[in-house]
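Every heavy atom of this structure was used, including side-chain atoms; hydrogens, water molecules and symmetry mates were not.
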Amino acid sequence: MKALANRIQQHPILDFPEKKLVKFFFERKEIFGYEGEPIAAALVANGIKVFRYTEKLKRARGFFCAVGKCSSCLMMVDGKPNVMVCTEPLKSGMRVNRQFGRGKIRALK
Amino acid sequence: MIREEIVIVGAGPAGLWSAIVATKLGASVTIIDDNPIFGGQLIKQTHKFFGSKSHYCGIRGINIAKILTSDLENLPVKKFFNASVIGLYDNNLLAVLTQAKLIKLRAERIIFATGASENNIAFPNNDLPGVYGAGAVQTLMNVYGVRPGHRALMVGSGNIGLIVSYQMMQANIQVVAVLEIMPKIGGYHVHAAKLARLGVPILTCYTIKRALGIDMVEGAVIVKVNKRFKPIPGTEQRLKVDTICLAVGLSPLNELLWQAGCEMVYVPELGGQVAQHNEDMMTSRADIFVGGDLSGIEEASTAMLEGKIAGASAYESLKGVSAESKKIKEQAKVELGMIRQGPFGEKPRWGKERLAARRGWT
Ligand SMILES: Cc1cc2nc3c(=O)[nH]c(=O)nc-3n(C[C@H](O)[C@H](O)[C@H](O)COP(=O)(O)OP(=O)(O)OC[C@H]3O[C@@H](n4cnc5c(N)ncnc54)[C@H](O)[C@@H]3O)c2cc1C
């Protein structure tokens, strides 16, 4: 199961009980993550680090603070731009896309 | 719109204690935090805490968070999880963004205990994916069980840098080196010794020169510095890493205080811009109180004590002084004084004294 590649399996202090695995889409590709974890955690668990490209210099960006403060991790989620994926909980079937610049507002389904 | 007597923003050790104290004294309290669990920084601290006995020293941070939140469970406190306070408007109207909708809350008294955010430093490519705050890596590893990389460089050897490096090793992330620009390791000896036992080098008089990589970190160039912190040419070394962790200090998360119009003062020993406040943790606005890292970067035990004082003060300003509220505050002030007399309390003590010296009111 690819979603487990970067998951910590054994830890001297912490237990990470298996949670419900759900399917979602990254750049139209089907991948898996745990329901309710931040989208960013699910992406990183799948080895995905680049979340968006900046408007002017087209620089790659990933997460930085991981606690909803710095706005480095903005992505397109279900057609909505500028979603802070380090705090947004993952739901089954979500469509997550890299954001280019400020993103575009697509018709919400 | 919801009305409330006391609203507490932030549920770390400071905010949780404010809520416990103010509620037990008899005020009606709402506490708001933007995480799915309460506890602030504590929810990712797997190490045993330093500090005083009465403040859970020797207990792992994650367990301190559990103790505090279960204390709160039995009290009639209104709780908002996953909710961000995004603005403060006239007459103490707070805008709270929850998962479902925007809520308006009008508070008679507000206690801000929002903590701090991690600093960045300037070097080429410091914006690449793979350059992360040390606390961010800690959140992913210890709260969500995800490894953000496999080979890491840590910049900064204060307690946070040392502790997070050790925790990365526990999570099976190889820490290649810890860099410290000063000639001496910043954090406690116990934490440095644990890393040394694992064979992780702590390089003093070293800093990062640049991150390497196109779309993500593929390496780092480090360099030795002279006494004036200038890079010494010819001492550069390339390291193959996929993660660069920055543990280079914290700054108080003070935006809402600026919006509130609180008097702000720059005190480097406290981590930057803090709200001017008195010993009762009241700001220049009589209806706004502060506590914890927001009022000066310090530690969990002092955050809890300041939180208690802020909670009791907010209660008193609404309902008047009671024997109980007076006792809580007196005791907390004595304990704070004691902690700050210790060797590691020197910097914050000095910072708080500088702040007091500049206060034109009581
Ligand atoms: C790696 C590490 C190791 C440490 N080790 C120790 C130790 O051994 N001993 C010790 O005493 N201290 C230690 N500390 C320090 C200690 O954790 C902090 O000093 C303490 O947590 C500060 O408490 P606080 O309540 O002020 O803030 P925090 O714990 O940061 O809590 C603030 C909370 O407010 C929330 N918040 C912020 N803004 C908003 C908003 N607008 N709306 C809603 N919620 C918001 C935040 O998300 C957070 O949950 C350590 C810190 C770190 C990072």
Side-chain angles (χ1 to χ4, degrees), chain A residues 3-19 32-54 56-75 83-91 98, chain B residues 34-36 40-41 43-48 60 62-63 82 84 97 99 114-120 125-150 166-173 213-217 242-243 246 251 253 255:
Chain A
L4 294 178
N6 292 322
R7 301 266 181 201
I8 299 169
Q9 312 276 357
Q10 274 169 345
H11 195 281
I13 294 160
L14 298 166
D15 301 317
F16 297 104
E18 280 263 348
K19 279 175 250 148
F32 292 86
Y34 289 142
E35 186 173 58
E37 72 180 343
I39 298 171
L43 293 174
V44 173
N46 282 280
I48 296 155
K49 290 187 173 181
V50 178
F51 291 1
R52 69 176 172 110
Y53 290 93
T54 60
K56 284 189 198 150
L57 298 176
K58 323 289 180 208
R59 302 271 302 174
R61 285 279 191 281
F63 74 89
F64 178 75
C65 80
V67 284
K69 300 289 183 299
C70 76
S71 298
S72 181
C73 67
L74 304 179
M75 296 183 85
V83 175
M84 230 186 248
V85 295
C86 75
T87 52
E88 189 70 22
L90 179 70
K91 293 192 195 94
R98 285 199 178 111
Chain B
D34 49 14
N35 287 287
Q41 297 295 322
I43 64 170
K44 53 191 181 191
Q45 309 299 351
T46 48
H47 66 287
K48 294 179 179 152
R60 297 185 199 282
I62 42 175
N63 294 332
N82 275 327
S84 252
L97 190 62
Q99 293 282 307
T114 49
S117 65
E118 302 194 86
N119 295 343
N120 202 334
N125 282 337
N126 71 350
D127 61 339
L128 281 182
V131 179
Y132 304 134
V137 167
Q138 214 187 11
T139 302
L140 277 169
M141 290 186 311
N142 295 352
V143 182
Y144 300 111
V146 173
R147 228 177 264 123
H150 299 278
Y166 186 73
Q167 293 175 359
M168 281 199 277
M169 297 289 285
Q170 286 182 316
N172 212 1
I173 300 171
I214 305 291
D215 258 10
M216 58 185 83
V217 171
D242 59 10
T243 305
L246 304 179
S251 301
L253 263 174
E255 293 88 343

Where on B/T46 is there a heavy atom nearer than 4.5 Å to chain A: the side chain, the backbone, both, or neither?
both

For A/F64 together with B/Y132, are the ring centres under 6.0 Å from each other?
no

Are side-chain N/O atoms of B/H150 and A/N6 paired as donor and acceptor at under 3.5 Å?
yes

Approximate separation, where rounding is to 0.5 Å, of A/C65 SG and B/N120 CG
11.0 Å

Taking atom NZ of B/K48 as the centre, does the number of heavy atoms from other residues, nucleotides or ligands within less than 6.0 Å exceed 12?
no

Leading residue by heavy atom contact count with chain A [cutoff under 4.5 Å; candidates B/T139, B/N35, B/L140, B/N82]
B/L140

Once you round to the nearest 0.5 Å, how far does CD1 of A/I8 lie from CG of B/N142?
7.0 Å

Side-chain heavy atoms of B/P129 within contact of A/F63, under 4.5 Å:
no

Under 4.5 Å from a heavy atom of chain A, the part of B/I173 involved:
neither

What residue pairs, at least two apart or across chains, pass salt bridge (Lys or Arg N to Asp or Glu O under 4.0 Å) with a residue in residues 60-70 of chain A?
A/R61-B/D127, A/K69-B/D34

Who among B/M141, B/Q167, B/E118, B/Q138 has the most heavy-atom pairs with chain A under 4.5 Å?
B/M141

Could you list the residues that satisfy side-chain contact (heavy atoms from CB on, under 4.5 Å) with B/Y166, not counting sequence neighbours?
B/Q170, B/K194, B/L195, B/L198

Looking only at heavy atoms, what is the nearest atom pair of B/Q99 and A/E88, with distance?
OE1-OE2, 4.3 Å

Among B/D242, B/D215, B/L128, side chain to side chain contact (heavy atoms under 4.5 Å, CB included) partner for A/K49:
B/D242

Drop me the distance from B/N125's CG to A/R59's CZ, to the nearest 0.5 angstrom.
5.0 Å

Let me know if A/Y53 has heavy atoms under 4.5 Å from chain B in its side chain, its backbone, both or neither.
side chain

Using 0.5 Å steps for rounding, measure from the CG atom of A/L14 to the NZ atom of B/K44.
13.5 Å

